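Structure record follows, encoded as C-alpha cells.
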Amino acid sequence: LSGALVGTNLYVAGGIDKPDAVTALHTFWSLDLSKSEATWKALEPWPGKERMLAIAGSDDRSFYLFSGAALHKDEDGKPAREWLKDAYRYTPDKGWERLPDLPRVAVAAPSPAMLISPHELLIASGDDGSKLGFKPETEHPGFPRDTLLFDTVTNAWHQAGPIPFSRATAPTTEWQGDFIIPNGEARPGYRTNEVWRLEHR
C-alpha cells in the first residue's frame with residue numbers, strides 16, 4: 001500500500017492483502033492522529049483502477065495517488081501486472097479528482113513523493129516496465145534514473161533532471177530539512193543497503 005500525512009490525518013490507499021493476490025485492493029483509509037481514541041475510517045476510493053505499488057503524496061492540503069500496478073490472472077492463474085500512469089488528488093472537503101497522467105509509468109517509485117516546495121511534488125526513479133522480463137537478471141541496467149515534478153497549482157508535469165541512482169520499493173522521509181531514500185531495489189530482485197540524501201535548501 002502507499003500512504004501520506006495530510007495535516008493530522010494519515011491516508012493509506014490500495015496494496016495487496018496476500019503475497020499471491022491476483023487482484024490489488026481498491027481501498028482508501030484514514031486515521032486522525034490528533035485523536036487518542038481514533039479508529040480507521042473507510043473512505044470512498046479513487047475513481048481509477050485498483051492498484052498496488054503506487055506513489056502517495058501530500059502538500060498538507062490534499063492526498064495524491066500516482067501510478068502503480070493493477071493485477072489480473074495470467075493464463076497460468078498467476079498474478080500479472082497492468083502498468084498504470086494515471087494520477088488522482090483527494091481533498092477532504094471536495095473528494096477525488098482526476099489529474100493529468102504521469103509522463104511515464106513509475107511503479108514502486110520511492111514513496112511518499114517529496115514535497116520540495118509548497119506546491120511541487122518530486123518523484124524519483126521507479127519501474128517504467130520497459131525492461132520487464134530482462135535476462136539475465138544480474139545484468140539488468142536498473143530503473144529510469146530521472147525525476148518527475150508535479151506542480152499542484154498548475155496541475156502540470158515536468159521532467160526535473162537525472163539522478164545518480166536507480167530505485168524502487170523504497171520509502172522516503174524528511175529529515176533535518178532534507179529528504180532521505182534508504183535501501184530499496186536497485187534492479188528487480190536486488191536490494192541495496194545504499195542511503196541517498198536529497199539536500200533541500
Side-chain angles (χ1 to χ4, degrees), residues 1-19 21 23-71 81-99 102 105-127 143 147-150 152 167-175 178-185 191 195-196 198 200:
L1 51 76
S2 54
L5 193 65
V6 180
T8 62
N9 283 283
L10 175 64
Y11 293 94
V12 294
I16 54 175
D17 58 1
K18 55 184 179 179
T23 304
L25 297 174
H26 201 195
T27 52
F28 185 51
W29 297 83
S30 72
L31 181 68
D32 188 345
L33 301 180
S34 69
K35 298 178 180 178
S36 60
E37 302 298 324
T39 58
W40 286 98
K41 293 182 180 179
L43 304 175
E44 179 186 358
W46 60 99
K49 288 191 173 183
E50 69 283 353
R51 67 197 60 211
M52 65 174 191
L53 300 175
I55 307 122
S58 168
D59 58 7
D60 210 34
R61 296 177 297 278
S62 301
F63 173 85
Y64 294 81
L65 190 65
F66 303 121
S67 190
L71 292 175
R81 292 182 183 179
E82 176 185 351
W83 304 82
L84 306 172
K85 62 177 183 178
D86 50 346
Y88 302 89
R89 171 168 48 213
Y90 176 83
T91 305
D93 58 346
K94 296 179 180 179
W96 287 101
E97 62 179 306
R98 175 80 183 258
L99 300 172
L102 281 69
V105 173
V107 169
S111 181
M114 294 167 278
L115 186 66
I116 63 171
S117 84
H119 61 91
E120 291 177 312
L121 288 164
L122 186 71
I123 295 174
S125 194
D127 191 352
F143 309 112
T147 51
L148 306 174
L149 185 71
F150 183 69
T152 64
R167 199 65 81 244
T169 61
T172 64
T173 189
E174 192 171 357
W175 181 65
D178 295 336
F179 292 99
I180 306 298
I181 302 177
N183 311 118
E185 290 188 355
R191 301 197 72 82
V195 179
W196 288 88
L198 171 63
H200 184 224

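Keep in mind the model is a prediction, meaning the values are calculated, not measured. Count residues from 1 along the sequence.
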Notebook entry, point to check: So do R98 and Y88 actually touch side chain to side chain, heavy atoms under 4.5 Å?
Noted result: yes
Notebook entry, point to check: With a 4.5 Å heavy-atom cut-off, do W83 and D127 have their side chains touching?
Noted result: yes
Check: Within the distance-only criterion (no hydrogens, no angle test), does the side chain of R167 pair as donor or acceptor with the backbone N or O of N183 below 3.5 angstrom?
Finding: yes
Notebook entry, point to check: What closest approach, in Å, do P182 and P171 show between heavy atoms, and which atom pair accounts for it?
Noted result: CD-O, 3.3 Å
Checklist line | CD1 on I16 to CG on L53, rounded to 0.5 Å | finding: 7.5 Å
Next item on the list: Answer whether the closest heavy-atom distance between the side chains of L71 and R81 falls below 4.5 Å.
Entry: yes
Note to self: For the CG atom of L33 and the OG1 atom of T8, what is their distance to the nearest 0.5 Å?
What the structure shows: 6.5 Å
Listing, residues 39-51 side-chain donor-acceptor contacts under 3.5 Å, not counting sequence neighbours, or none:
from, atom 1, to, atom 2, distance (Å)
W46, NE1, K49, O, 2.6
K49, NZ, E82, OE1, 2.8
K49, NZ, E82, OE2, 2.7
R51, NE, K49, O, 3.1
R51, NH1, S67, O, 2.8
R51, NH1, D86, OD1, 2.8
R51, NH2, K49, O, 3.2
R51, NH2, D86, OD1, 3.2
R51, NH2, D86, OD2, 2.9

Checklist line | Exercise: identify the closest heavy-atom pair between M114 and A124 | finding: CE-CB, 4.1 Å
Next item on the list: Please report the closest heavy-atom contact between A13 and L65, naming both atoms and the distance.
Entry: CB-CD1, 4.0 Å
Next item on the list: Specify the closest pair of heavy atoms between L121 and S58, including all atoms of both residues, with the distance to one decimal.
Entry: CD2-O, 3.6 Å
Checklist line | 4.5 Å side-chain heavy-atom contact, D60 and L115 | finding: no
Next item on the list: Over 60° means perpendicular and under 30° means parallel, so classify the ring planes of F28 and Y90, tilted if in between.
Entry: perpendicular
Notebook entry, point to check: Would a distance-only check, ignoring hydrogens and angles, find a side-chain to backbone donor-acceptor pair under 3.5 Å from S30 to Y11?
Noted result: no
Next item on the list: Answer whether the closest heavy-atom distance between the side chains of L198 and D178 falls below 4.5 Å.
Entry: no
Checklist line | Any side-chain heavy-atom pair of L1 and T27 under 4.5 Å | finding: no
Notebook entry, point to check: Is any side-chain heavy atom of L25 less than 4.5 Å from a side-chain heavy atom of D17?
Noted result: yes
Next item on the list: Report the distance from atom CG of D32 to atom CG of N9, rounding to the nearest 0.5 Å.
Entry: 4.5 Å
Next item on the list: Not counting sequence neighbours, which residues clear side chain to side chain donor-acceptor pair (under 3.5 Å) with Y64? List them please.
Entry: D59, R89
Next item on the list: State, to 0.1 Å, how close A69 and A24 come at their nearest heavy-atom pair, and which atoms those are.
Entry: O-CB, 4.3 Å
Check: Any donor-acceptor pair under 3.5 Å linking the side chain of S111 with the backbone of I55?
Finding: no
Margin query: Are F63 and V6 packed together at the side-chain level, in the sense that at least one heavy-atom pair is separated by less than 4.5 angstrom?
Written below: yes
Notebook entry, point to check: Is the backbone N or O of A108 less than 3.5 Å from a side-chain atom of T169, with the two atoms forming a donor-acceptor pair by type?
Noted result: no
Note to self: Whether the side chain of T173 engages the backbone of I180 through a donor-acceptor N/O pair (distance < 3.5 Å, no angle test) should be reported.
What the structure shows: no
Checklist line | Any donor-acceptor N/O pair, T91 side chain to K94 backbone, under 3.5 Å | finding: no
Check: Considering all heavy atoms of both residues, which atom of T152 and which atom of P118 are nearest to each other, and what is their separation?
Finding: OG1-O, 4.5 Å
